[in-house]
Amino acid sequence: MSFARLLLLLLLLAGRCLPAPAAPLAAGPATPPISRIDPTFWWVGMKNPKLQLLVHGPGLAASQVAMASYPGVTLDGFQRLESPNYLIVNLTISPTTKPGRLQLEFRGKRKTTYAYELRARTTPGDKSRVQGISSADLVYLLMPDRFANGDPANDVVKGNRAPGVARDSMYARHGGDLKGIEQHFDYLKELGVTAIWPTPVVDNNMPKAGYHGYALTDYYAVDPHYGSNEDYVRFVQHAHEQGLKVIHDVVLNHIGSFNYLWLDQPAKDWFHQWPTFTRGNYRNGTVNDPHVSALDRRIFSNTWFDTTMPDPAQENPLVATYLIQNFLWWVEYTGVDGYRVDTYTYSDPTFLMNWGKAILEEYPQLGMFGETWMQEAEGVAQQAFWTRNVFPPVNGFKSNLPGALDFILRYALLEGLTKPAGFSEGIAKLYYAVQGDWMYEDASRNVIFLDNHDVDRVFSVLGEDVRKQKMALAWLLTERGIPQLYYGTEVLMKNFSRPDGLLREDFPGGFPGDKQNAFTAAGRTPAQHDMHTYVRKLANYRKTHPVLQTGQLTHFVPEDGVYTYFRHDQQGHAVLVMLNCNAAEKTVPLTRFAERLRGYTAARDVLTEAVVPNLQTATVPAFTALVWELR
């Protein structure tokens with residue numbers, strides 16, 4: 001071998017030992033540039049050793065793919081798609097692989113090298129991350145854009161399709177962000193909140209209504225109006241340090257029409273596409289209807305949720321893997337404690353089973369509940385079908401979703417507070433809805449609520465009757481399940497979802513120039529302060545009394561418009577709750593409840609702190625809830 005050849009060989013060998021670059025390397029104008037790779041990075045030590053990379057760049061499909069030697073990582077091959085701008089790269093990462101940067105080579109007329117990062121996982125035993133959600137929690141649902149503006153610097157995002165804010169428009173951004181939420185952690189803790197559920201924080205770079213978060217345009221980025229990815233990681237960390245959990249709102253069913261995957265589609269079969277726009281029929285019963293029309297079934301699952309929300313084809317294995325990896329990525333990256341799954345029922349059923357299995361196998365402690373929104377007429381059975389339940393598989397589907405947003409209980413409670421009692425009407429509806437708990441594997445994993453960002457605010461539904469709102473809140477904080485409070489309910493925020501979406505108004509005091517600051521006692525009206533005090537007292541009582549978190553529920557058939565139930569445990573703790581849904585005071589003899597009162601001789605009123613010296617009768621004012629701690 002000549003000296004020149006030997007020298008060249010030594011230089012090449014030395015080059016292979018150089019540290020991998022931290023970003024894609026350009027190799028000249030003829031080199032296919034790499035626009036992005038999803039997932040943006042990954043971790044060693046995941047339970048599933050397989051990793052699918054979706055690589056995007058102009059003309060990239062004409063390339064060959066190679067990988068520099070990396071101990072523990074195997075290149076399983078690559079796959080071209082219909083689009084000339086994508087490649088699928090498949091890797092296997094063994095359990096012994098060390099963190100570092102993996103050199104991927106894309107060889108066209110010239111070579112492009114990309115340094116793909118493999119990170120070290122956070123210690124699985126770290127109890128400060130992925131803590132889960134349970135019936136011990138009180139969840140506070142808020143819309144980041146409408147809660148508080150903590151960083152005016154991100155109000156305007158240059159280059160965004162809707163770059164600024166316009167607080168006089170309900171469909172524009174108002175400027176709320178992650179920092180604004182963080183600045184009010186103390187407010188939430190004092191209220192008795194233990195978990196925060198923001199509506200989606202991922203990028204929604206849409207020309208209109210991107211504030212709501214449900215039309216994502218980048219699976220791997222936080223919306224810059226709220227902060228950066230790193231800001232979100234710090235937000236979760238700071239919440240945990242303050243004793244607050246974080247629920248990440250995820251959207252499986254659809255994306256925004258300005259997502260790069262729609263603007264430059266990997267393949268036509270990546271999305272459901274019809275000759276003309278076809279909106280779904282919103283009928284989740286078509287999934288388990290034994291008499292269903294095939295057309296109706298297809299129009300439910302394979303159509304678009306809205307005109308600007310393309311529908312990923314989750315039956316495509318490549319799409320399914322892309323989505324599963326993304327939602328594993330967010331848990332590992334941020335350490336969030338739970339997932340709320342938007343429009344859960346609309347996704348492909350087989351995909352839902354595979355998605356849930358993959359997420360819970362990797363993170364069995366992750367809390368998870370889905371939006372199983374249905375009409376009142378569909379009933380408990382249909383809602384239970386979409387969670388872990390007692391039913392056999394139907395059409396091959398057996399849900400592994402731990403819990404649901406309990407719309408059926410909400411319908412029933414509101415009927416009890418707005419309609420006269422009857423044998424099966426009024427408050428009897430609530431009894432029958434709770435009676436249906438036998439269909440769930442564990443109804444305590446359901447999230448119960450009075451209102452949210454999609455339905456009329458409860459104060460308006462109840463005719464702005466403070467008595468009824470207090471009774472509804474007493475039920476929320478004493479019923480089985482995981483209670484969820486919508487932002488502002490505690491200070492009497494009101495309005496309806498139609499026609500102008502005012503149920504998503506800004507929290508008063510969260511924005512510069514607000515005339516009122518309901519975050520402070522001094523800034524609330526007397527009525528607001530009274531309601532806030534009521535919620536704070538009962539929520540903190542619940543927080544410190546496990547009997548209202550995990551205690552058994554025993555309820556009695558409603559009589560004369562009064563519904564009575566008990567929460568009790570084996571340690572002898574017991575709470576009596578009595579809802580008087582009448583426009584007149586009721587005196588109720590307690591002898592009927594002897595089986596649950598045995599051994600108790602007195603009580604303390606949790607809300608008034610008055611001592612109840614004997615348990616002979618209970619006098620309940622009109623539209624009022626009694627909450628008694630038995631002694």
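Values below: all heavy atoms of this structure, side chains included; hydrogens, waters and symmetry mates excluded. Throughout, residue positions are numbered sequentially from 1 according to the sequence presented.
- For Trp270 and Asn316, the side-chain atoms include no donor-acceptor pair closer than 3.5 Å.
- In this structure, Phe277 and Trp304 have perpendicular ring planes: the angle between them is above 60°, well past the 30° mark.
- Between the side chains of Asp38 and Tyr260, a donor-acceptor pair is found at a separation under 3.5 Å.
- Side chain of Thr278 to main chain of Thr276: a donor-acceptor pair is present (N/O by atom type, distance under 3.5 Å, no hydrogens or angles).
- To the nearest 0.5 Å, atoms CD1 (Ile133) and CD1 (Ile247) are separated by 4.0 Å.
- Between His248 and Tyr232, the ring-plane angle classifies as tilted under the 30° and 60° cut-offs.
- Ring pair Phe556/Tyr431: centre-to-centre distance not below 6.0 Å.
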> So Arg121 and Glu362, salt bridge (Lys or Arg N to Asp or Glu O under 4.0 Å) or not? Walk me through it.
Replying inline: CA-CA 12 Å; Arg121 289 192 68 179; Glu362 196 73 56; 2.9 Å; yes
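- With no hydrogens or angles considered, a side-chain donor-acceptor pair links Asn288 and Gln382 at under 3.5 Å.
- Between Leu252 and Ser347, the shortest heavy-atom contact is CB-OG, 3.7 Å.
- What you find for Tyr487 and Leu142 is that their closest heavy atoms are CD2-CA, 3.7 Å.
- To the nearest 0.5 Å, atom CG of residue Asp145 and atom NE2 of residue His225 are 8.5 Å apart.
- By the 6.0 Å contact criterion, CZ on Phe423 is open, its count of non-hydrogen atoms from other residues, nucleotides or ligands being 12 or less.
- Crowding of Lys398 atom NZ: a count of heavy atoms from other residues, nucleotides or ligands under 6.0 Å exceeding 12.
- A search for salt bridge (charged side-chain N to carboxylate O under 4.0 Å, His left out) contacts involving Glu378 returns nothing, not counting sequence neighbours.
- When the side chain to side chain contact (heavy atoms under 4.5 Å, CB included) test is applied to Ser497, the partners found at least two apart in sequence or on another chain are Asp456, Leu503.
- Between the side chain of Glu82 and the main chain of Lys268, a donor-acceptor pair closer than 3.5 Å is present.
- Counting only distance, with no hydrogens or angles, the side chain of Thr217 and the backbone of Asp203 share a donor-acceptor pair below 3.5 Å.
- For the side chain to side chain contact (heavy atoms under 4.5 Å, CB included) test with Ile482, the passing option among Val139, Leu405, Thr194 is Val139; the others fail.
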> Can you check side-chain hydrogen bond (donor to acceptor under 3.5 Å, both in side chains) on Tyr440 and Gln383, steps first, answer last?
Replying inline: CA-CA 9 Å; Tyr440 300 101; Gln383 182 169 275; 2.8 Å; yes
>> Before you tell me yes or no, could you show the steps for His174 and Tyr211 under ring pair (Phe, Tyr, Trp, His ring centres under 6.0 Å), namely the whole-Å CA-CA distance, both residues' side-chain angles and the distance that decides it to 0.1 Å?
In response: CA-CA 8 Å; His174 291 188; Tyr211 76 92; 7.0 Å; no
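- Between the CD atom of Glu371 and the CG atom of Leu401 there is a distance of 11.5 Å, given to the nearest 0.5 Å.
- Minimum interatomic distance between Asn452 and Phe449 (heavy atoms only, all atoms of both residues): ND2-CE1, 3.6 Å.
- No donor-acceptor distance shorter than 3.5 angstrom exists from the side chain of His254 to the backbone of Val251, with no hydrogens or angles considered.
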>> Set out, in order, the CA-CA distance, both residues' side-chain angles and the distance that settles side chain to side chain contact (heavy atoms under 4.5 Å, CB included) for Glu441 and Thr387, then state yes or no.
In response: CA-CA 8 Å; Glu441 180 185 87; Thr387 70; over 6 Å; no
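- A 6.0 Å sphere centred on NZ of Lys47 holds more than 12 heavy atoms belonging to other residues, nucleotides or ligands.
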>> Checking Asp311 against Arg279 for the salt bridge (Lys or Arg N to Asp or Glu O under 4.0 Å) test, could you report, in this order, the C-alpha distance in whole Å, the side-chain angles of both residues, the deciding distance, and whether it holds?
In response: CA-CA 10 Å; Asp311 197 62; Arg279 190 190 301 275; over 6 Å; no
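- At distances below 3.5 Å, at least one donor-acceptor pair connects side-chain atoms of Asp337 with backbone N or O atoms of Gln131.
- Contact check for Ile324 versus Asn48: no side-chain heavy atoms found under the 4.5 Å cut-off.
- Using the six-membered ring where Trp is involved, Phe327 and Tyr339 have ring planes that are perpendicular, over 60° apart on the 30 and 60° scheme.
- Rounded to the nearest 0.5 angstrom, Ile196 CD1 and Lys245 NZ are separated by 12.0 Å.
- Judged as a side chain to side chain contact (heavy atoms under 4.5 Å, CB included), and not counting sequence neighbours, the contacts of Asp442 are Ser444, Arg445.
- Ser301 and Arg297 form a side-chain donor-acceptor contact under 3.5 Å, judged by distance and modelled atom types alone.
- Ring orientation note: the planes of Trp386 and Phe397 are tilted relative to one another, at an angle of 30° to 60°.
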>> Between Leu414 and Leu462, does the side chain to side chain contact (heavy atoms under 4.5 Å, CB included) criterion hold? Intermediate values first, please.
In response: CA-CA 8 Å; Leu414 293 181; Leu462 297 177; 4.2 Å; yes
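- Nearest heavy-atom pair, Gln549 versus Ser135, reported as atom, atom and distance to 0.1 Å: O-OG, 2.8 Å.
- Distance alone, capped at 3.5 Å, places no donor-acceptor pair between the Asp264 side chain and the Trp262 backbone.
- A donor-acceptor distance shorter than 3.5 angstrom exists from the side chain of Asn389 to the backbone of Ala384, with no hydrogens or angles considered.
- The structure places CG of Asn400 at 8.0 Å from CG of Leu352, a figure rounded to the nearest 0.5 Å.
- When side chains are defined from C-beta on, Asn284 does not count as touching Phe385, because their heavy atoms never get closer than 4.5 Å.
- In this structure, the separation between CG on Leu141 and CH2 on Trp197 is 4.5 Å, given to the nearest 0.5 Å.
- Pro310 is not listed as a side-chain neighbour of Gln265, based on a closest heavy-atom distance of 4.5 Å or more.
- Taking both residues in full, the closest heavy atoms of Arg173 and Gly210 are given as NH2-O, 3.5 Å, listed atom of the first, atom of the second, then distance.
- For Lys494 (side chain) and Phe459 (main-chain N/O), no donor-acceptor pair under 3.5 Å exists by modelled atom type.
- When atom types are taken as modelled, the side chain of Asn259 and the backbone of Leu261 share a donor-acceptor pair closer than 3.5 angstrom.
- Trp329 pairs in a ring-ring contact (aromatic ring centres under 6.0 Å, His included) with only one of the listed residues (Tyr363, Tyr220, Trp42), which is Tyr220.
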> Between Leu485 and Val535, is a side chain to side chain contact (heavy atoms under 4.5 Å, CB included) present by the stated rule, with each step listed?
Replying inline: CA-CA 10 Å; Leu485 186 70; Val535 175; 4.1 Å; yes
>> For a ring pair (Phe, Tyr, Trp, His ring centres under 6.0 Å) check, start with the C-alpha distance between Tyr322 and Tyr219, then their side-chain angles and the critical distance, and finish with the verdict.
In response: CA-CA 10 Å; Tyr322 181 92; Tyr219 277 99; 5.3 Å; yes
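- Judged purely by atom type and a 3.5 angstrom limit, Gln484 has no side-chain atom pairing as donor or acceptor with the backbone of Ile448.
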>> Go through it in stages, so that I can follow the logic: the residues are Arg283 and Asp296, the test is salt bridge (Lys or Arg N to Asp or Glu O under 4.0 Å), and I'd like the CA-CA distance, side-chain angles, deciding distance and then a yes or no.
In response: CA-CA 8 Å; Arg283 303 283 186 170; Asp296 286 345; over 6 Å; no
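- Contact record, Ser460 with Asn495: OG-N, 2.6 Å, taken as the closest heavy-atom pair.
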